[in-house]
Amino acid sequence: MSFLQRLTKDKAGTILFVMSLSVILITLGIIQTLLFETIAFFSDIAEHRGWFSFDWDFSGILSASGFACLLLVVALFLDRESKAVKGTLLSSIPLYVWNPHHGIVKFVFSVAILQLLFNDSFLLGISILFCVIVWRSIGKIQMKRILGGNIEISNLWRNILSLFILITVFDAITMNYSGALGEFFFQNQWTPTGACEDRRSLCETMSFGVNSLLLTTLQVAFGALVIAVPLGVGCAIYLSEYAPPRLAAVVKPTLEILAGIPSVVYGFFAFIYIGPLVVEFGEYAFANGWIDQPPNVLNPINGAIVVGIMILPLIASMSEDALRAVPNELREGSLALGATKIETTMKVMIQASLSGIIASIILALSRAVGETMAVTLAVGTVAVYTSNMFVPAQTMTAYIAQRVGGDLPFGEIGYLTIFAVGLYLFAITLCLNLLGNKVLSAYREAY
Amino acid sequence: MSEKIGGEVVPDSTKKLDVNGEIDLMIEDLDLWYGDKQALYGVSLPIAKNSVTALIGPSGCGKSTLLRMMNRMNDLISICHYDGKISMGDTEITAKDADLVEIRKNIGMVFQRPNPFPKSIYDNVGYGVKLHTKPTREELDAIIEKSLKRAAIWDEVSDRMHDLGTSLSGGQQQRLCIARTIAVEPDIILMDEPCSALDPIATAAIEELILELKKDFTVVIVTHSMSQAARVSDYTGFMYLGRLVEFGETDKIFSDPDLELTKRYITGRFG
């Protein structure tokens, strides 16, 4: 039977086949358009400014990146040493150095995260985080070495550390990136329309440093997590462990209502009600000299709060599913040892469902990065690169919304930027979604 | 007082409730309901100290319910309510204001399916200890080693203390769970069909362990296997339809039971 004959014979099958084929084609079409327009955008700039160039600057080794690099090199060295067959060097160091008090680890961890949020040196924060992780893994290995046990040698950390050492070294000894790619990924000024007579072609005042949009996006997304994670996970724990069925029957639909409110409503809600509240705090901060510009009713904190409320139901329901997936035997096992309910929840249930909770956080982060309408209304439309979170800024999504809704004619260079920003955004959310699903499947396998 | 059960007239509750030596736990006239459905009818049962008491009976006869009542695990089921008295020395376990933490510390439980926590072997055993006391590192190490040795699993895990407890085999996991229970130093260990998920070799290891454990602990075991009850227990209680039909020394129950019903169950003619 030929292919055509088979198609005509099984009509339902054919229709379904066409349906799924069209889904694939639509996806491919969108990605293809994004890619081609982005390439057009970059090559347009490259015609005038070249693809990528930078200057060497070896004094940069003394900067924050240089310090980050040093930290990573030390971490890599210790990691190697701990996995060497004869850990002679490390064995002379007492064990308590490797098993620090939890408080100290948490302190270093928080410093690293604060550093990430409020400082311009992203790499330093990341390298501090890596150092904490390596520190703990060495602690485990040293413990096994003393107590005896199989030491698993994994090259994963070594590879990640080496990669980041290359990145930090590059960051430390080079400067003044320019050219199409250098400008887009490394510069911080975003003025895609410039103030030129002919906006169709590239002119000197146009600048395409997407970092100013990216920074605001990350500020809003991580700020949203600061609000949504404690509330969402707390809600999930209450629902799965504590809530009497009748109360759960009230709380769950409430969460669904929260998830069902349109994002534009969240947006003007933030603009009208949350903004003024944030401004009051901002004015206090400004009066004390903590921030250098007076606060505005449109700002990233405003956006972070409202996006936090938006992603809260997602975290709560996914974390609740993860907690409910933990076999009841574990709960009983802990209670039968004389643990109280809260001890059981904190020390057994959360640990058992941790990967599910983390997956929910990652997927919520992806949602927060991609959120458009609320942040457009709440954060503002001024692309600035600043750690001051009380002044108007612009996220990547808000930029695209503004650009598409604006009066720019099709085909001009400012218009093409939306494809480049869109592709960048797509890459970020895709990575987050893949990571989230990977973590999620890991915990599904566990039970 | 008599009632017709299984086509046969049996006493409502057995009169023979004597055990040799000290009584560790005493159950008196316990009724229990799940919602409207009554699951236990006036059960009275003494548990002798440093002995193994087996509860046998067909599925759904209430033996697991009775076992879970002894450390109040049934409280987790919201529709469950009960009437009667369980006491351990001066402590009344069924009291409304009873300290459940203290009760469950004194009366440990091993479950049907091995349920190690997703923690390392070391932390699995250390978890319960750290709930009740604040041992130093050395003390904790000593308690964990001792518990694992008493649960006859030390030799198999001493070189992999920081591997996950869930990475062990089924029989090892069950012995780890026993070690975890022993580490808290309870008086009584309840075992709810501890071997039903295990292969014969692992079962033999657990049975051997139970005989070893009764030197220090009082063991109550629910089992489906007649031969297991005969091998490990000193006293046997036969339950049927929520009633404790017959109770006595294991030798007596298995060789010359008072009731025809017990005899028929033990010889495998029903259940």
Side-chain angles (χ1 to χ4, degrees), chain A residues 94-96 98-99 101 136-137 139-152 241-248 322-323 325-357 442-443 445-447, chain B residues 68 71-79 99-125 127-132 137 141 144-145 157-167 177 180-186 189-190 192 197:
Chain A
L95 194 60
Y96 61 80
W98 299 118
N99 287 294
H101 190 264
R136 303 212 62 172
S137 85
K140 270 186 188 163
I141 290 173
Q142 290 300 97
M143 179 85 102
K144 277 190 179 176
R145 208 181 278 287
I146 288 171
L147 292 168
N150 309 332
I151 299 166
E152 288 158 28
E241 302 294 312
Y242 286 85
R246 243 184 249 171
L247 200 71
L323 279 162
V326 177
N328 199 30
E329 280 99 349
L330 283 188
R331 190 180 289 118
E332 290 189 338
S334 171
L335 290 171
L337 285 172
T340 58
K341 209 165 181 177
I342 188 75
E343 283 167 337
T344 303
T345 307
M346 289 299 166
K347 293 177 184 166
V348 176
M349 301 304 285
I350 290 193
Q351 191 176 19
S353 59
L354 196 60
S355 53
I357 292 174
Y443 103 88
E445 272 164 30
Y447 300 113
Chain B
R68 289 166 63 90
N71 67 348
R72 295 274 297 268
M73 289 306 280
N74 279 334
D75 285 25
L76 296 177
I77 301 162
S78 56
I79 57 165
D99 181 0
L100 291 185
V101 168
E102 195 59 27
I103 288 172
R104 289 171 184 163
K105 179 180 174 294
N106 289 331
I107 307 180
M109 187 161 197
V110 177
F111 294 84
Q112 191 167 357
R113 257 176 55 194
N115 57 348
F117 303 128
K119 301 169 184 282
S120 67
I121 294 169
Y122 185 92
D123 288 335
N124 253 293
V125 185
Y127 174 74
V129 181
K130 282 193 272 185
L131 289 176
H132 303 293
R137 186 104 208 171
D141 285 350
I144 289 172
E145 181 176 340
V157 299
S158 61
D159 60 342
R160 45 193 284 206
M161 294 290 281
H162 290 272
D163 289 0
L164 276 178
T166 41
S167 67
C177 292
R180 180 175 83 185
T181 310
I182 295 173
V184 191
E185 290 290 335
I189 300 175
L190 310 175
D192 190 356

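Being a predicted model, the structure only gives us computed values, none of them experimental. Letters A, B, ... are given to chains in the order of the sequence lines, protein chains preceding strands, and every chain is numbered from 1.
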Can you tell me how far apart CG (B:Leu76) and NZ (A:Lys341) are? Round to the nearest 0.5 Å.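 The NZ atom of A:Lys341 is 8.0 Å from CG of B:Leu76, to the nearest 0.5 Å.
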Could you tell me the separation between the CZ atom of B:Arg113 and the CD atom of A:Glu332, rounded to the nearest 0.5 Å?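 Answer for the CZ-CD pair, B:Arg113 versus A:Glu332, is 11.0 Å.
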Less than 4.5 Å apart, side chain to side chain, heavy atoms only: is that true for A:Val326 and B:Pro118?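 In short, these two side chains do not touch, never coming nearer than 4.5 Å.
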Taking the side chain as every heavy atom from C-beta outward, state whether A:Lys347 and B:Lys130 have any atom pair closer than 4.5 Å.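 When only atoms from C-beta onward are counted, B:Lys130 and A:Lys347 do not touch, as no gap falls below 4.5 Å.
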Below 4.5 Å from any heavy atom of chain A, which atoms of [X] appear? Answer side chain, backbone, both or neither.
{"X": "B:Pro116", "answer": "backbone"}
{"X": "B:Arg68", "answer": "side chain"}
{"X": "B:Ile107", "answer": "backbone"}

Between B:Leu131 and A:Leu337, what is the shortest heavy-atom contact and its length?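 Taking B:Leu131 first and A:Leu337 second, the nearest heavy atoms are CD1-O, 4.4 Å.
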To check you understand the geometry: which heavy-atom pair defines the closest contact between A:Gly333 and B:Phe117, and what is its length?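 Closest approach of A:Gly333 to B:Phe117, heavy atoms only: C-CZ, 3.9 Å.
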Based on non-hydrogen pairs under 4.5 Å, which of A:Pro244, A:Gly338, A:Pro245 is most in contact with chain B?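 Counting heavy-atom pairs under 4.5 Å, the top option is A:Gly338.
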Tell me, out of A:Thr340, A:Val348, A:Asn328, who's got the most heavy-atom pairs with chain B below 4.5 Å.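 Of the options given, most contacts go to A:Val348.
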